[in-house]
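Computed from heavy atoms alone, side chains included, the values below leave out hydrogens, waters and symmetry copies.
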Amino acid sequence: RVGAPPRHVRLRGGKLSRVYALFSAVSADADAWAANTATRHFSSETIAAATRAVKGRWLGDGRSGLRDPLHSFAWLVDPFTTPTEATLQAASGWENDCIEVLGRFYPDALERERALDEVKRLVRRHGEWGALVTRKQALLAPPADVRFETATEREIYKQCRMSSVASDWCLIGATHFPKIAPVAVRVDEMSARSADVERVCKLHNLA
């Protein structure tokens with residue numbers, strides 16, 4: 001089913017930081033499929049519709065999309081998924097997403113701007129926190145002899161090895177990024193699980 005989150009994202013305790021990274025992988029696979037010679041017998045309209053369906057499910061295409069500012073923020077502040085500066089430059093909308101999330105905790109514009117500055121510093125991976133990010137992401141690297149057919153398969157492999165980072169934020173992050181630390185802890189403790197809600201909605205004919 002197009003746009004249905006993989007089961008490991010929907011399980012109890014699924015991390016919000018998984019969502020953005022996983023969609024990026026699914027989107028990359030959709031683009032790779034469209035460019036593959038195996039699709040040469042499909043019409044351009046069919047190919048465009050397939051890739052549009054994937055991206056439309058994220059952004060919303062006549063209905064609510066899966067995308068939420070919390071997904072971007074969680075992806076940034078989780079050391080397992082913190083992007084490089086180069087990756088972040090290629091992403092769109094992340095700064096507005098951060099402003100929206102931080103605005104829920106810091107209504108004052110100046111405080112919010114200071115918190116946003118911390119997010120920007122965090123991505124530079126300097127010092128003790130940068131070393132932590134490097135260690136966490138090294139834990140997710142697959143062995144050299146493991147091969148993946150798709151970007152999504154590789155991403156799921158990595159995500160199954162992720163764990164909570166709340167203690168890292170409390171013990172290390174709070175020292176270097178005091179504004180975003182409490183927000184990052186709250187986000188880490190939130191679950192991306194939607195299965196229970198979805199079942200209730202279907203039971204009451206709401207979905």
Side-chain angles (χ1 to χ4, degrees), residues 1-11 14-78 80-101 119-120 123 137 140-142 146-162 187 190-202 204-207:
R1 185 159 59 94
V2 172
R7 183 172 177 78
H8 83 285
V9 170
R10 303 170 68 199
L11 291 173
K15 289 163 65 72
L16 277 177
S17 55
R18 294 176 174 179
V19 181
Y20 186 97
L22 189 60
F23 168 75
S24 297
V26 172
S27 180
D29 285 338
D31 290 339
W33 172 84
N36 195 299
T37 56
T39 63
R40 65 185 181 278
H41 299 300
F42 297 155
S43 69
S44 57
E45 291 81 7
T46 297
I47 294 172
T51 55
R52 188 168 59 247
V54 172
K55 296 175 183 181
R57 187 67 184 97
W58 175 250
L59 297 172
D61 185 10
R63 58 175 175 169
S64 296
L66 297 173
R67 187 181 186 281
D68 187 279
L70 279 168
H71 296 147
S72 298
F73 184 82
W75 171 66
L76 285 164
V77 301
D78 187 330
F80 279 113
T81 58
T82 299
T84 62
E85 288 186 271
T87 299
L88 190 59
Q89 287 175 0
S92 61
W94 66 269
E95 191 164 339
N96 288 335
D97 288 342
C98 287
I99 290 171
E100 181 171 337
V101 173
V119 175
K120 294 176 180 178
V123 177
Q137 296 192 2
L140 308 182
V146 175
R147 296 289 182 268
F148 303 100
E149 294 186 4
T150 65
T152 302
E153 187 180 10
R154 181 183 182 87
E155 186 60 35
I156 291 175
Y157 174 93
K158 292 164 57 179
Q159 293 189 1
C160 287
R161 285 152 182 78
M162 291 167 57
V187 169
M190 294 175 67
S191 172
R193 179 176 54 90
S194 63
D196 290 350
V197 174
E198 190 173 298
R199 280 192 286 271
V200 170
C201 288
K202 285 181 178 178
H204 294 281
N205 295 319
L206 298 175

Colleague: Roughly how far apart are Glu155 CD and Ser24 OG, rounded to 0.5 Å?
Modeller: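 One finds 8.0 Å between CD of Glu155 and OG of Ser24.
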Colleague: Kindly indicate whether the side chain of Pro142, heavy atoms from C-beta on, has any atom under 4.5 Å from the side chain of Phe148.
Modeller: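 A side-chain contact under 4.5 Å exists here.
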Colleague: Restricting to non-hydrogen atoms, name the atom on Val187 and the atom on Ala74 that form the minimum distance, rounded to 0.1 Å.
Modeller: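 That would be CG1-CB, 3.4 Å.
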Colleague: Atom CD of residue position Glu85 - does it have more than 12 heavy atoms of other residues, nucleotides or ligands inside 6.0 Å?
Modeller: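 Enclosed.
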Colleague: Supply the atom-to-atom distance Ile47 CD1 to His41 NE2, rounded to the nearest 0.5 angstrom.
Modeller: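 That separation rounds to 11.0 Å.
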Colleague: Quick one: does Val26's side chain get under 4.5 Å of Val54's, heavy atoms only?
Modeller: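 The answer is yes, as the side chains (C-beta and beyond) meet within the 4.5 Å cut-off.
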Colleague: Is the shortest heavy-atom distance from the side chain of Arg67 to the side chain of Asp97 under 4.5 Å?
Modeller: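 Yes, their side chains come closer than 4.5 Å.
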Colleague: Counting N and O atoms only, with roles assigned by atom type, does the side chain of Thr84 sit under 3.5 Å from a partner on the main chain of Thr87, one being a donor and the other an acceptor?
Modeller: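 Looks like yes, one N/O pair under 3.5 Å.
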Colleague: Which pair of heavy atoms, one from Leu66 and one from His71, lies closest together, and at what distance?
Modeller: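 Closest approach of Leu66 to His71: O-CE1, 2.9 Å.
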Colleague: About how many Å separate CD1 of Ile99 and CH2 of Trp94, when rounded to the nearest 0.5 Å?
Modeller: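 The distance works out to 8.5 Å.
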Colleague: Within the distance-only criterion (no hydrogens, no angle test), does the side chain of Thr39 pair as donor or acceptor with the backbone N or O of Ala35 below 3.5 angstrom?
Modeller: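 Absent.
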Colleague: Who passes salt bridge (charged side-chain N to carboxylate O under 4.0 Å, His left out) against Glu153, sequence neighbours left out?
Modeller: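 Counting only residues at least two positions away or on another chain, Glu153 forms no salt bridge (charged side-chain N to carboxylate O under 4.0 Å, His left out).
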Colleague: What I'd like to find out is whether the side chain of Leu76 reaches to under 4.5 Å of the side chain of Tyr20, using heavy atoms alone.
Modeller: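 Contact flag for Leu76/Tyr20 side chains = no.
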Colleague: Determine whether Val123 and Gln89 satisfy the following criterion, side-chain contact (heavy atoms from CB on, under 4.5 Å), listing intermediate values before the conclusion.
Modeller: CA-CA 11 Å; Val123 177; Gln89 287 175 0; over 6 Å; no
Colleague: How long is the span from the CE atom in Met162 to the CZ atom in Arg18, to the nearest 0.5 Å?
Modeller: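 Separation between the atoms: 6.0 Å.
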Colleague: With a 4.5 Å limit on heavy-atom distance, are the side chains of Thr82 and Gln137 in contact?
Modeller: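 When only atoms from C-beta onward are counted, Gln137 and Thr82 do touch, with a gap below 4.5 Å.
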Colleague: Write down the atom of Ala38, the atom of Asn36, and the distance for their closest heavy-atom approach.
Modeller: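 Closest approach of Ala38 to Asn36, heavy atoms only: N-OD1, 2.8 Å.
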Colleague: In Å, rounded to the nearest 0.5 Å, how long is the span from CG of Leu70 to SG of Cys98?
Modeller: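 Output value for this atom pair is 10.0 Å.
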Colleague: Got a second to check how far Thr152's OG1 is from Asp29's CG, nearest 0.5 Å?
Modeller: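 Rounded to the nearest 0.5 Å, the OG1-CG separation comes to 3.5 Å.
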Colleague: Does Trp75 reach the side chain of Thr81, with side-chain heavy atoms less than 4.5 Å apart?
Modeller: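 Yes, side chains in contact.
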Colleague: Looking at residues at least two apart in the chain, or sitting in another chain, which of them share a salt bridge (charged side-chain N to carboxylate O under 4.0 Å, His left out) with Arg154?
Modeller: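 Salt bridge (charged side-chain N to carboxylate O under 4.0 Å, His left out) check on Arg154 returns nothing, list empty.
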